[in-house]
Amino acid sequence: MEIADLHPWPEDQSEALEIQYRFRDEIITTGSLNGVGLIAGVDTAFDHNTDTLFASVCVFNFPDLTECERVSDSGKAIFPYVPGLHAFREGPVILKALARIRTRPDLIIFAGHGIAHPRRFGLACHLGLILDIPSVGCARKRLTGQHDEIDPEQGANVPLIVDNKDSGRVYRTREKVKPVIISPGHRCGINDAVNVVAKCLQGYRIPEPMRAAHRLANRIKRNNKKP
DNA sequence: GCGACAG
DNA sequence: ATCTTGTCGC
């Protein structure tokens, strides 16, 4: 898949912030997800012994959820872990992996946040904008924002408010299991984001494409360890 | 100063 | 994210 260079990747944190402020207004949180036939799940694994990041992409047919392609790539972790600047640590290696897939997905689910972010420009927004592909952020933990308590049953969800704005949903994917946080990345609204994730559930907490990518990334990491 | 803090 | 086995609860 062809990937354009929206901007060079900084090694400096203040430059990273500038980039987020510079592109945040280009995020479109509307769009129709009708006709989505290919969904990619993306996740990474990290080996702190070699300081290496492993990124995996698993492409699934939708809505039947059969896997049709999987790719991975790796790279040294350069940028430090800074909450709110995640795209700058994982973005480069994720794009390397995405460049390897044959077919352009109609939507991508990223392990991280979209607009549920201090500057409304989380990893899902950032990479969705670079790729110009509808994207959704599905995080396992809250980064910012407030929300009410959520009922224990599967499917229960409440709005996540960031700076007085409805920015996503805290969504219970499994009964009595810690909810995930879903927010739009790019070219997608809150309802569509939630609906897509809900339709990708297969009995586990994490939507299938992302779960497959998570397991693949960890497998690649394991296979790359020195005996 | 203190607590919070995606992966 | 990762370090890590068994264990308690559904």
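Every chain is numbered from 1 and lettered A, B, ... according to where its sequence line falls, protein lines coming before strand lines. Hydrogens, waters and symmetry mates play no part in the numbers below; they use all other heavy atoms, side chains included. All of these numbers come straight from a predicted model, not from anything done at the bench.
Here the C1' atom of nucleotide B:dA6 and the CZ atom of A:Phe88 are 14 Å apart, to the nearest Å. Taking atom CZ on A:Arg140 and atom P on B:dA6, their separation rounds to 12 Å, with Å as the unit. One atom, NE2 of A:His48, and another, C1' of C:dT2, lie 5 Å apart when rounded to the nearest Å. Going from atom CZ of A:Arg222 over to atom C1' of C:dA1 covers 16 Å, rounded to whole Å. Rounded to whole Å, the distance from NZ on A:Lys176 to C1' on C:dC8 is 14 Å. Protein atom CZ of A:Arg205 is 17 Å distant from nucleotide atom C1' of C:dC10, rounded to whole Å.
Residue A:His113 places no side-chain atom within donor-acceptor reach of the base of B:dA6, judged by atom type and a 3.5 Å distance cut-off alone.
An OP1 or OP2 oxygen of C:dT2 is reached within less than 4.0 angstrom by a side-chain nitrogen or oxygen of A:Lys221. In this model, the phosphate group of C:dT2 is approached by a side-chain N or O of A:Asn218 to a distance below 4.0 Å at OP1 or OP2.
The side chain of A:Lys225 lies closest to C:dC3, out of C:dT2, C:dC3, B:dA6. Residue A:Arg142 has its side chain nearest to B:dC5 when only B:dC5, B:dG7, C:dC3 are considered.
Between A:Asp43 and A:Arg215, no side-chain nitrogen of the basic residue sits less than 4.0 Å from a carboxylate oxygen of the acidic one, so the salt-bridge criterion is not met.
When each of A:His214 and A:Glu175 is assigned the nucleotide of DNA chain C with its nearest heavy atom, A:His214 is the one assigned upstream, toward the 5' end.
Judged by ring centres under 5.5 Å apart and planes tilted less than 30 degrees, A:Phe46 fails to stack against the six-membered base ring of B:dG7.
Within the nucleic acid shown, A:Ile94 has no heavy atom closer than 4.0 Å to any nucleic acid atom. No engagement by A:Gly137 is indicated, since no non-hydrogen atom pair under 4.0 Å with the nucleic acid exists.
In this structure, A:His86 has its ring center at least 6.0 angstrom away from the ring center of A:His117.
Under the side chain to side chain donor-acceptor pair (under 3.5 Å) criterion, A:Arg89 pairs with no residue, sequence neighbours left out.
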Output the pairing pattern of DNA chain B as a dot-bracket string, 5' first, Watson-Crick or G-U wobble with both distances under 3.5 Å, | for cross-strand pairs, [ ] for crossing pairs.
.......

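No hydrogens or angles considered: nothing links the side chains of A:Thr52 and A:Asp47 as a donor-acceptor pair under 3.5 Å.
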